[in-house]
Undergrad: 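The structure under discussion is supplied below as structure tokens; questions concerning it will follow.
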Amino acid sequence: MNKNGMVTEIHTKIRKEPFTANYELLGKELGRGKFAVVKKCTEKATGKQYAAKFLRKRRKGADCRMDIFNEIAVLELAKANPYVVGLHEVYETNSEIILVLECAAGGEIFHQCVADNDEAFTEKDVIRLAKQILNGVAFLHRNSVVHLDLKPQNILLTSARPLGDIRIVDFGLSRRMDKITEVREILGTPEYVAPEILNYEPISTATDMWSIGVLIYVMLTGESPFLGDDKQETFLNISQVNIDYSQDTFEGISSLAVDFIKSLLVKNPRKRATAEECLNHPWLNPHSHPHLHTMSACSLDEPEMSQSESEPESPAPSPE
Ligand SMILES: Cc1cnc(Nc2ccc(CC#N)cc2)nc1Nc1cc(C2CC2)[nH]n1
């Protein structure tokens, strides 16, 4: 671990034989960043589909192997959580490190956030997906990892139709919490960054919780709450916590959902709900707060629990 919270010890074998000896690249490019490109591929031995993330080792003349090892180490640590994308193999060439990752065939939830009516998420969908996102983030935070780039483009679906489960991806900006000293450059994507990032104040797990507040706002309304005409206007909206909670924007959305978002879009990081507190919020727990789920919300029949997230039922309370 270095002073900036980068994890550097990894256990995954780094394979030197050519990636193309074991995988066939399919034409489809799944995503592209400044220093990475992601392509669909098939493992020759099994016929299984994966997503190969090609990461450049040298960026702006600097050796960035440690940054890449940090991403690998976080993926290894999160192997135990069903909602963090799985890491299958790692290859290294002269210029790149290639992460062979689980393929989430449903793509980015971003597309459903901005879809029109019949393809957009229902509140019931968002409740189910929010519980999975919070389960994954609570796991990372329990292990002192902050993601620092949570946004709809980095939350994938195993299947879009029928709606599947989520996978959290892209740990390129993630850090180990207990070792962060300072933030030198503004991380993350403008629309989703927390106020403390803009003020170069210490970051914490609460920084991720702000981004989750923005994410849930976008999933429910299709609107990005702080988006301005340019970066400066967006940053101003964030630092002023300038948010539209109007009936218009939240038409047909329960007041508990608005209450949930308001518990996260709070300027003071210490006053923001934690991932564990979010998981206990009435909006996500109709069972334990029936009185709070008025008739209007009852149209959301109980969100199904998918197999992977159903907890063993606690014994039913004895009848009064
Ligand atoms: C069908 C699909 C469609 N679009 C994306 N977009 C995308 C979003 C973020 C990043 C950033 C990252 N990392 C890369 C691609 N990923 C897909 N499947 C993936 C993508 C992956 C692993 C994460 C790459 N598994 N399954």
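Remember, predicted model here, so these are calculated numbers, not experimental data. Along the sequence shown, the residues carry numbers beginning at 1. Each ligand, and each atom within it, is numbered from 1 in the order the structure gives. What you see below is based on every heavy atom in this structure, not just the backbone, and it leaves out hydrogens, waters and symmetry mates.
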Undergrad: Looking only at protein heavy atoms, which one is nearest to atom 20 (C) of ligand 1, and how far off is it?
TA: L156 CD1, 3.4 Å

Undergrad: Looking only at distance, does Q153 have an N or O less than 3.5 Å from an N or O of ligand 1?
TA: no

Undergrad: Would you say S246 and D248 are linked by a side-chain donor-acceptor pair, where the criterion is simply a distance under 3.5 Å?
TA: no

Undergrad: What protein heavy atom is closest to atom 13 (N) of ligand 1, reported as residue, atom name and distance in Å?
TA: K53 NZ, 2.9 Å

Undergrad: So if I count the atoms of ligand 1 from 1 in the order they appear, which ones are less than 4.0 Å from some heavy atom of G107?
TA: 1 (C), 2 (C), 3 (C)

Undergrad: Under 4.0 Å from a heavy atom of C103: give me the atoms of ligand 1 that qualify, with their elements.
TA: 25 (N), 26 (N)

Undergrad: Which of the atoms in ligand 1, numbered in the order shown and given with their element, are less than 4.0 Å from a heavy-atom of V169?
TA: 9 (C), 23 (C)

Undergrad: Does Y245 have K262 sitting over its ring (NZ/CZ under 6.0 Å from centre, angle to axis within 45°)?
TA: yes

Undergrad: Does only the side chain of K40 get under 4.0 Å from ligand 1, or the backbone, or both, or neither? Count heavy atoms.
TA: neither

Undergrad: Looking at K53, R15, K16, which one forms a salt bridge (Lys or Arg N to Asp or Glu O under 4.0 Å) with E89?
TA: R15

Undergrad: Distance alone, cut at 3.5 Å: any donor-acceptor contact between the side chains of T249 and E223?
TA: no

Undergrad: If you have a sec, work out which protein heavy atom is nearest atom 14 (C) of ligand 1 and how many Å separate them, to one decimal?
TA: V38 CG2, 3.7 Å

Undergrad: Which part of D170 is near ligand 1, with near meaning a heavy atom under 4.0 Å away: side chain, backbone, both or neither?
TA: both

Undergrad: Of all the non-hydrogen atoms in the protein, which one sits nearest to atom 6 (N) of ligand 1, and at what distance?
TA: E108 OE2, 2.8 Å

Undergrad: Tell me, yes or no, whether the heavy-atom count around E233 atom CD, taken from other residues, nucleotides or ligands under 6.0 Å, exceeds 12.
TA: yes

Undergrad: If the plane angle is over 60° it's perpendicular, under 30° parallel, otherwise tilted; pick one for Y50 and H88.
TA: parallel

Undergrad: Can you name the closest pair of heavy atoms from Y192 and L150 and give their distance?
TA: CB-O, 3.7 Å

Undergrad: E102 to ligand 1: N or O pair under 3.5 Å?
TA: yes

Undergrad: For H281 and L256, which heavy atoms make the closest approach, and how far apart are they?
TA: CE1-O, 3.6 Å

Undergrad: Tell me the contacting part of L101 for ligand 1: side chain, backbone, both, or neither, using a 4.0 Å heavy-atom threshold, strictly below.
TA: side chain

Undergrad: Between ligand 1 and G106, is the shortest N or O to N or O distance under 3.5 Å?
TA: no

Undergrad: Between F19, F35, Y91, which is the residue that forms a ring-ring contact (aromatic ring centres under 6.0 Å, His included) with F54?
TA: F19

Undergrad: Looking at every non-hydrogen atom in both residues, tell me the closest pair between Q112 and A160 and how far apart they are.
TA: NE2-CB, 3.5 Å

Undergrad: Determine whether the side chain, the backbone, both or neither of R167 has a heavy atom under 4.0 Å from any heavy atom of ligand 1.
TA: neither

Undergrad: Ignoring hydrogens, just give me the one of A104, G172, A51 whose non-hydrogen atom is nearest atom 1 (C) of ligand 1.
TA: A104

Undergrad: Quick test: of every protein heavy atom, which one is nearest to atom 4 (N) of ligand 1, and how far off is it to 0.1 Å?
TA: L30 O, 3.4 Å

